[in-house]
Amino acid sequence: MTPAVGRSVSRKDGMAKTTGTARYVDDLSFPGMIYGRTIRSTIAKGRVRSISLDFDPAGFTIVDYRDIPGPRCNFVALIEDDQPFLVAEEINHFAEPILLLAHEDRERLMAAEVRIEYDTGEPVLDPERSPTVFKKIRIRKGDTDAAMATADHVIEGTYRTGHQEHVYIETNGVIAVPEGGGLTIHGSMQCPYYVHKAIKALLQLSDERVRVVQTETGGGFGGKEEYPNILAGHASLLARKAGRPVKMVYDRVEDMIATTKRHPSIIRHRTGVMNDGRLVAMEIDVLMDGGAYVTLSPVVLSRGCIHAAGPYRCDHTRIDGRVVMTNTPPNGAFRGFGAPQTQFATEVHMDRIAEALRMDPVHLRELNALRPGDTSATGQVMGEDCSALESLKAGVERSDYHRKRAEYAGSNKGIGLSLFFHGSGFTGSGEIYLSSRATLEATETGARIRVASVEMGQGTRTMHAQIVADALGIPYEQVEIVQPDTHQVPDSGPTVASRTCMVVGKILQRCAEEMRETIGEMTPGEYVREHGPLSVTKQFQKPDEISWDDTEYTGDAYAAYGWGCDVAEVELDPVTYEVKPLRMTIVHEIGKAIHPSMVVGQIEGGTAQGVGWALNENVVMKDGGMANPTLTNYTIPTTLDTPRMDVIVLENPSGYGPFGAKGVGEMPIDGPAPALVNAIRHIGLDVRSIPAIPESIMEVACASR
C-alpha cells in the first residue's frame, strides 16, 4: 500500500468546494428563520444617555442588556470577564454593541433607524499614554547590565507595527436555533468549544443544552478564534427572545469596523555587541495595544515576548512586555499571534547592527544563530531539530543573495533577508491546561475521525486522514472525518497556534496505533463485523522531559520550533516611492511535510499576507474607529502586487509531532515584513515601521537628504 504521508493526495474537502456543494453559514436556512442586526456605538468613550426607535417596532425582536439573564452573565467568557455582550451604560470603544434587532424582512431590518444620545468622555487612543495594563511579562537570562557594560558597541532602535485586518473571504456569520429548551449554534468559526463555553455562561445553560456546529468556514487567520463568541451570543439572545432561528452574517464593512485585528506594537531594542559581531546582551521592551478589552491579549503578548530575541543565542537577555488598554475595538488573535511583531523588530535591528559594524548581514546571523545545545531567552535547550543555520544557508544560496547584493548596490533595487522561528502548539503549560482529546472509530469501511479541529481552507481534514491512514495501515480513501459538532466530537482544543498537525495529529496517531494493535492483521471492517464497535480515545500527554515555569517564564516554551529564512528583492519607484516586491525566496524547516502541496500553499498564502502587512495594509484609525473599512481603501495585495515566490521546504523531524511534523500555519507570516524592510534598507532608506506605504517612505527619504 502506498503511504499517504508525504504525498499530495486529493483533499477531503476538494470536490465539494470546487463543485459548489459545500454549504457555508449563509447557505443555510431553517423554518421560521429571521435576521439579526447589531446597533453599535458611534463614539469611543462615554455613556448612553438615551435610546429612541425611529421606526415602528411591530414585528421586530429587540434585545438590550436587560434581556441577559443577569448582570453577572453579561460578559464574554474567555480569559477575563471584562467584555460585555451588550453595553449597559458605559461605552469603551467605537462600534461597541448596544442593541440587537431582528426581523423576518431583511430590508426592513436594515432600514430601521435607532437614535442614541451620549455623554461623551475623553478616550485613550495612544498606547504609550494608557494607564491600564492588561498583562506584564518579564523574561530574564543572565546579567544583562554587566554584560552590556562589556560590549564594544551598544545599538538602540525603536520599531513599530500597525494593525492588520484578517480579510478572510467569508465574513463572520452564525445562526442560532432554539431547540429542546436550549440552543444550537451553526457558524463560521475556528473554536467550537470556545463558543460552547461562552453561550453556556451567557444564558446559564448546561452542557447538553448548548450545541455548536461548525459550518464550512471560508478562512479564519485567528479572526474566527474568539470573535464568534460575541456574534453567537448576540444571535442566541435574539433567538431565545423571538423563539425562532436567527441568522446574523456581517457585511464587509461591519466585519472590518467591529471585529478584532492584529495588535499594533512599539518595540525598543538595546543591544550590546562585540567588534566581531557576537551578541553579548539584549534588552527588549515590548508594548502592544490591546484595545478596549482583554480578549486574548495576554497570550498574544506571551508568544511575542518569547520570540522577541529571535533565533539567536545570547547569554544575557532582558525582555519586558506589556499590553495595554485603549478605547479602540479590541485586538485579538491573528496568524503568528505576537511573534510577527517582535521578530520584525529583531530582524530589522539585526540589519542595523550589521550596518553599524560594516558587516555582512548574513555573517552576523551565521555567527549568532541558535544551534543544537544552545539555549533560548527562556533557557530552553535547542534539540537536534534546531535548523536556523540550515534555513539561512538554503535561503542565501537559492536566492543568490551575495551576487545580487553586489549587483543591486547603488540602484533602485534592494535585497534583504530575515531569519526566524516559531513555536508549535500552545505556550508553556497551555497544552496541559487544554488536555485535548481525540477519538478514532473503526467502521465497516475503514475509520472515522472525531476531533473539534476545524477545516477553514488549510487542509485539516486531509492531513489528519493521512496521519490516521498510515498509522492504522489502511488506504487514505477509507478514512472519514466527522464535522466538528460539540454533541459529536470531543474537545481537541482550538484550531490555532500551529497545533492542529503537531498536537492533535500526534494524538490521532496514538489512537490509530492502539487500534492497529487491537485489530491485528484484520482490517477495521473485518474487526467490526466480527467483534462489534471499536473506538479509541486518547488525551494529550506532556512529554516527561518538557518543563515550564509559568511564573518565571523559564524552561521549554514549546515542544518544537519551525525555522525559516526569507529573502526579499524589491524595486523602489523614485517618483512615487512605491515599493514593488519582485521576488521572495522562502525557506521553511517544518519537520515533515505531511501533504507537500498544502504546505507550499500555506507558505505562499502566509507570505502574501506578510507582504500586505509590510507594504500595503494601512488601517487608518480616526476617533478610535477604522476609517477605511472597505476593500477599496484598505488595500490587500492583488496578483499584480504579489512577488514571484520560490519555496524550499526542509525536513528535520521532531520527536513530538506525527511522523516528525511540526507546525506550519503561522510561521510564513513571521519573515516577509522584516525581509522586505531590510531590502528597502539596502536601497538606502532607514525604514523602522510598517506598513511601509509610499507616504512613509517618502518621509524617510526626505529626512535622509
Side-chain angles (χ1 to χ4, degrees), residues 4 9-17 21-25 27-28 174-175 177 179 184-196 207-208 210-217 220 224 228 434-472 474-496 499-501 503-512 514-515 524-525 527-528 532-540 594-595 658:
V9 298
S10 298
R11 289 180 58 131
K12 291 291 185 181
D13 57 334
M15 187 59 70
K17 288 178 177 176
T21 58
R23 304 187 74 199
Y24 296 82
V25 66
D27 296 322
L28 303 180
V174 302
I175 303 172
V177 183
E179 288 181 333
T184 297
I185 309 295
H186 301 262
S188 180
M189 64 187 70
Q190 295 179 228
C191 312
Y193 275 94
Y194 278 17
V195 174
H196 189 262
D207 274 5
E208 65 275 5
V210 177
R211 179 185 177 192
V212 180
V213 182
Q214 179 243 348
T215 59
E216 289 293 344
T217 297
K224 294 174 184 174
L434 288 176
S435 298
S436 299
R437 293 178 297 121
T439 296
L440 184 65
E441 297 172 343
T443 70
E444 291 199 1
T445 57
R448 180 182 297 120
I449 294 171
R450 293 186 183 272
V451 292
S453 301
V454 310
E455 175 64 62
M456 51 185 166
Q458 82 281 42
T460 292
R461 297 180 190 135
T462 301
M463 171 267 298
H464 279 169
Q466 289 176 276
I467 291 166
V468 165
D470 282 13
L472 188 54
I474 63 174
Y476 163 77
E477 293 75 16
Q478 294 181 7
V479 182
E480 60 182 278
I481 300 94
V482 173
Q483 187 79 3
D485 174 341
T486 56
H487 276 22
Q488 300 291 330
V489 302
D491 187 356
S492 56
T495 310
V496 299
R499 65 183 300 276
T500 305
C501 177
V503 177
V504 182
K506 186 67 172 182
I507 301 171
L508 283 170
Q509 182 182 24
R510 290 170 46 221
C511 289
E514 180 174 308
M515 181 174 288
Y527 183 92
V528 168
L534 174 61
S535 176
V536 178
T537 298
K538 291 288 185 183
Q539 193 165 20
F540 172 79
I594 301 295
H595 189 291

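Nothing fancy with the numbering, it's 1 onward along the sequence. Any value given below was found using the heavy atoms of this structure, including those in side chains, with hydrogens, waters and symmetry copies removed.
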Trainee: Side chain to side chain contact (heavy atoms under 4.5 Å, CB included) for K17 and Y24? Distances and angles first, verdict last.
Mentor: CA-CA 10 Å; K17 288 178 177 176; Y24 296 82; 3.7 Å; yes
Trainee: Given 3.5 Å as the limit, does a donor-acceptor pair link the side chain of S492 with the main chain of A438, or not?
Mentor: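 Between the backbone of A438 and the side chain of S492 there is no qualifying donor-acceptor contact (under 3.5 Å).
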Trainee: Supply the atom-to-atom distance T460 OG1 to Q190 CD, rounded to the nearest 0.5 angstrom.
Mentor: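 Reported to 0.5 Å precision, the distance equals 10.0 Å.
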Trainee: With the side chain counted from C-beta on, respond yes when T462 and V9 share a heavy-atom pair under 4.5 Å apart, and no when they do not.
Mentor: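 They are in contact (side-chain heavy atoms under 4.5 Å apart), so the answer is yes.
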Trainee: Between A22 and E216, which heavy-atom pair has the shortest distance, and what is it?
Mentor: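 Reported closest heavy-atom pair: CB-CG, 4.0 Å.
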Trainee: For a quick check under 3.5 Å, do T439 and E441 share a side-chain donor-acceptor pair by atom type?
Mentor: no
Trainee: How long is the straight-line distance from CD of E455 back to CG of D13, given to the nearest 0.5 Å?
Mentor: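 One finds 4.0 Å between CG of D13 and CD of E455.
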Trainee: Using side chain to side chain donor-acceptor pair (under 3.5 Å), reason through Q483 and R461 one step at a time and then give a plain yes or no.
Mentor: CA-CA 9 Å; Q483 187 79 3; R461 297 180 190 135; 3.0 Å; yes
Trainee: Let me see the working for V468 and L508 under side chain to side chain contact (heavy atoms under 4.5 Å, CB included), right down to the final yes or no.
Mentor: CA-CA 6 Å; V468 165; L508 283 170; 4.0 Å; yes
Trainee: A side-chain contact here means heavy atoms from C-beta on lying under 4.5 Å apart; do T184 and V213 qualify?
Mentor: yes
Trainee: For the pair D485 and V212, evaluate side chain to side chain contact (heavy atoms under 4.5 Å, CB included) and give the outcome as yes or no after the intermediate values.
Mentor: CA-CA 6 Å; D485 174 341; V212 180; over 6 Å; no
Trainee: Using the side-chain contact (heavy atoms from CB on, under 4.5 Å) definition, which of the options T500, L440, V479 pairs with H464?
Mentor: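 With H464 as partner, T500, L440, V479 yield a single side-chain contact (heavy atoms from CB on, under 4.5 Å), made by T500.
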Trainee: Please examine the side chains of P484 and S453, heavy atoms only from C-beta on, and report whether any two atoms are closer than 4.5 Å.
Mentor: no
Trainee: List the steps, then state whether side chain to side chain contact (heavy atoms under 4.5 Å, CB included) holds for V528 with T443.
Mentor: CA-CA 6 Å; V528 168; T443 70; 5.8 Å; no
Trainee: Examine the side chains of T217 and K224 and answer whether a donor and an acceptor come within less than 3.5 Å of each other.
Mentor: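 The answer is no; no qualifying pair exists.
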Trainee: What distance do I507 atom CD1 and S436 atom OG have between them, rounded to the nearest 0.5 Å?
Mentor: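 OG of S436 is found 5.0 Å from CD1 of I507.
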Trainee: Hey, what do you get for OG1 (T495) to CD (Q214), rounding to the nearest 0.5 Å?
Mentor: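 Answer rounded to 0.5 Å: 7.5 Å.
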Trainee: What is the distance from atom CD of Q539 to atom OG of S435, rounded to the nearest 0.5 Å?
Mentor: 5.0 Å
Trainee: Do E444 and Y527 have side chains that get closer than 4.5 Å, going by heavy atoms?
Mentor: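 No - every pair of side-chain heavy atoms lies 4.5 Å or more apart.
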Trainee: Would R450 and T537 count as having a side-chain donor-acceptor pair, cut-off 3.5 Å?
Mentor: no
Trainee: Would you check if I449 and E480 make a side-chain contact, meaning some heavy-atom pair closer than 4.5 Å?
Mentor: no
Trainee: Taking all heavy atoms of Y194 and all of P494, pick out the closest pair and write down the distance.
Mentor: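 Scanning both residues completely, I find the closest heavy atoms to be OH-CG, 3.5 Å.
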Trainee: Any side-chain heavy atom of R499 sitting closer than 4.5 Å to one from V504?
Mentor: yes
Trainee: Relative to F540, does K506 satisfy both conditions: NZ or CZ under 6.0 angstrom from the six-membered ring centre, and within 45 degrees of the ring's axis?
Mentor: no
Trainee: Does a side-chain heavy-atom distance below 4.5 Å link I474 with P524?
Mentor: yes
Trainee: How many angstroms lie between NE2 in H196 and SG in C191, if you round to the nearest 0.5 Å?
Mentor: 14.0 Å
Trainee: Any side-chain heavy-atom pair from R437 and K538 closer than 4.5 angstrom?
Mentor: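 Not touching, per the 4.5 Å side-chain cut-off.
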